[in-house]
Amino acid sequence: MYLMETYRRLPVRFVKGEGVYLYDEGGNKYLDLVAGVAVNALGYNHSKLIEAINEQVQKLIHTSNLFENPWQEELAKELVSLFWTDAKVFFCNSGAEANEAAIKLVRRYFYTKGERKHRIITFKNSFHGRTFGAMSATAQEKIHQGFHPLLDGFDYAELNDFSSVLKALRDDTAGVMLEVIQGEGGIREADGEFLHKVQELCKSKGLLFVLDEVQTGIGRTGRFYAYQHYGLKPDIITLAKGLGGGVPIGAMLAKEEVAKAFVPGSHGSTFGGNPLACTSAKVVVQEVKRLLPQIERVGEYFKNKLKELGVGRVKGKGLMLGLELSQECSEMVMKALEKGLLINCTAGKVLRFVPPLIIQEEHVDEAISILRQIL
Ligand SMILES: *Cc1c(COP(=O)(O)O)cnc(C)c1O
């Protein structure tokens, strides 16, 4: 009644969670392969996460970025130690904000170099968020509908079509931004050869190579950052979703030389990287590092089981998987819900599986048996 209708909500109210399961008001149990859309990396009621959050809440929830923040420093050190080179971090509260920060940093980097370049090449079916910059970077008409004029400065190319990237290139192009696996776009994977060609182009033309790892990052694909599968060396990456294990936090990492373009006053965030969010993220990062082999193993197991179903094309890496059906899949989501399984349908025909990263083979078996009944 009082909520804006920005979501078509499923008729279920969850009251608690435990591990990879959610429970509704009536005490019904659901196996969760959505995880708050790739957010609840450690599932529900994770003892280490709860303990750390509890302890921090009693000490300090928020101060301000006007003061030193050792929680941010520690978390940034950890994130950078997992990056391919020295970098600096900016903390915010969401994926869209992380991408806004990246778009602003790209522009300011060239401004500080005295080069008049500001345009960014992005890709069809991408998703970068709902704020004006991030939405304009998102090359999907349905997301732009009713919001024109968009922010100027984005040129769209086709994923895995290098000639379309060359075609989008202009004298004032400053960077290329992409998801190595498009999430909302239907678990579409960029291929390694294409990614390396784009990276090479960036290096040769002096453009910034920006990866939106909001969904693919933090272990989701079986590597801590998804670019590691391809041995890429991005200049900037953005993170959010899984990073806080459910507590809102986003981050942008940039190579030191690029990061220098932000100076006091260039950018900011009131809530970004507060002690509570950083405490939560620190536990998530530590746990996910440990979970990586398991994510890879269970992901592979899950992928094979999906293939064995023999319906549609199976896509994705680690625990970011898609099953592309020949028809609309939103009805399937409802049927699964009735059988105690939470799944998501994206890009019309793709069932998307982004479960908590703690999921085990036995949960996959349970999910597959329900999927077999409804498909
Ligand atoms: C979800 C998502 C975003 C937007 O994140 P919000 O936290 O909803 O703003 C941006 N990029 C990618 C790749 C995403 O999956």
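Model, not experiment: these values are computed from the prediction. Values below: every heavy atom of this structure, side chains too, minus hydrogens, waters and symmetry copies. Note that ligands are numbered from 1 as they come in the structure, with each ligand's atoms numbered from 1 the same way.
Closest heavy-atom approach to atom 2 (C) of ligand 1 among the candidates M320, K241, Q215: K241.
When each atom of ligand 1 is checked for a heavy atom of E179 under 4.0 Å away, the hits are 13 (C). Shown in contact with H128 at under 4.0 Å from a heavy atom are these atoms of ligand 1, numbered in order with element: 10 (C), 11 (N). The distance from ligand 1 to the heavy atoms of A96 drops below 4.0 Å at these ligand atoms: 4 (C), 5 (O), 6 (P), 9 (O). If you number the atoms of ligand 1 from 1 as listed, the ones under 4.0 Å from a heavy atom of N99 come out as 10 (C), 11 (N). In the vicinity of D212, heavy-atom distances shorter than 4.0 Å reach the ligand 1 atoms 10 (C), 11 (N), 12 (C), 13 (C). Within ligand 1, counting atoms from 1 as listed, the ones closer than 4.0 Å to a heavy atom of S94 are 7 (O), 9 (O).
For atom 6 (P) of ligand 1, the closest non-hydrogen atom of the protein is G95 N, 3.5 Å.
Between the CD atom of E361 and the NZ atom of K305 there is a distance of 10.0 Å, given to the nearest 0.5 Å. With rounding to the nearest 0.5 Å, the separation of CG in L323 from NZ in K303 is 12.0 Å.
Between Y21 and N45, the closest side-chain pair of non-hydrogen atoms is not below 4.5 Å.
In terms of polar-atom proximity, defined here as any N/O pair under 3.5 Å, G129 makes no such contact with ligand 1. Among the atoms of A240, none of the N or O lies under 3.5 angstrom from an N or O of ligand 1. For the pair F127 and ligand 1, the shortest N or O to N or O distance falls below 3.5 Å.
In terms of heavy atoms, V176 sits closest to F123 at CG1-CE1, 3.7 Å. Counting all heavy atoms, side chain and backbone alike, N93 lies closest to F271 at OD1-CB, 3.2 Å. Looking at every heavy atom in both residues, E213 comes nearest to L239 through O-CD2, 3.8 Å.
The neighbour count for E193 CD, taken as heavy atoms of other residues, nucleotides or ligands under 6.0 Å away, does not exceed 12.
Y156 does not carry K124 over the face of its six-membered ring by the limits of under 6.0 Å from the centre and within 45° of the normal.
Within a 4.0 Å radius of atom 8 (O) of ligand 1, the protein has no heavy atom.
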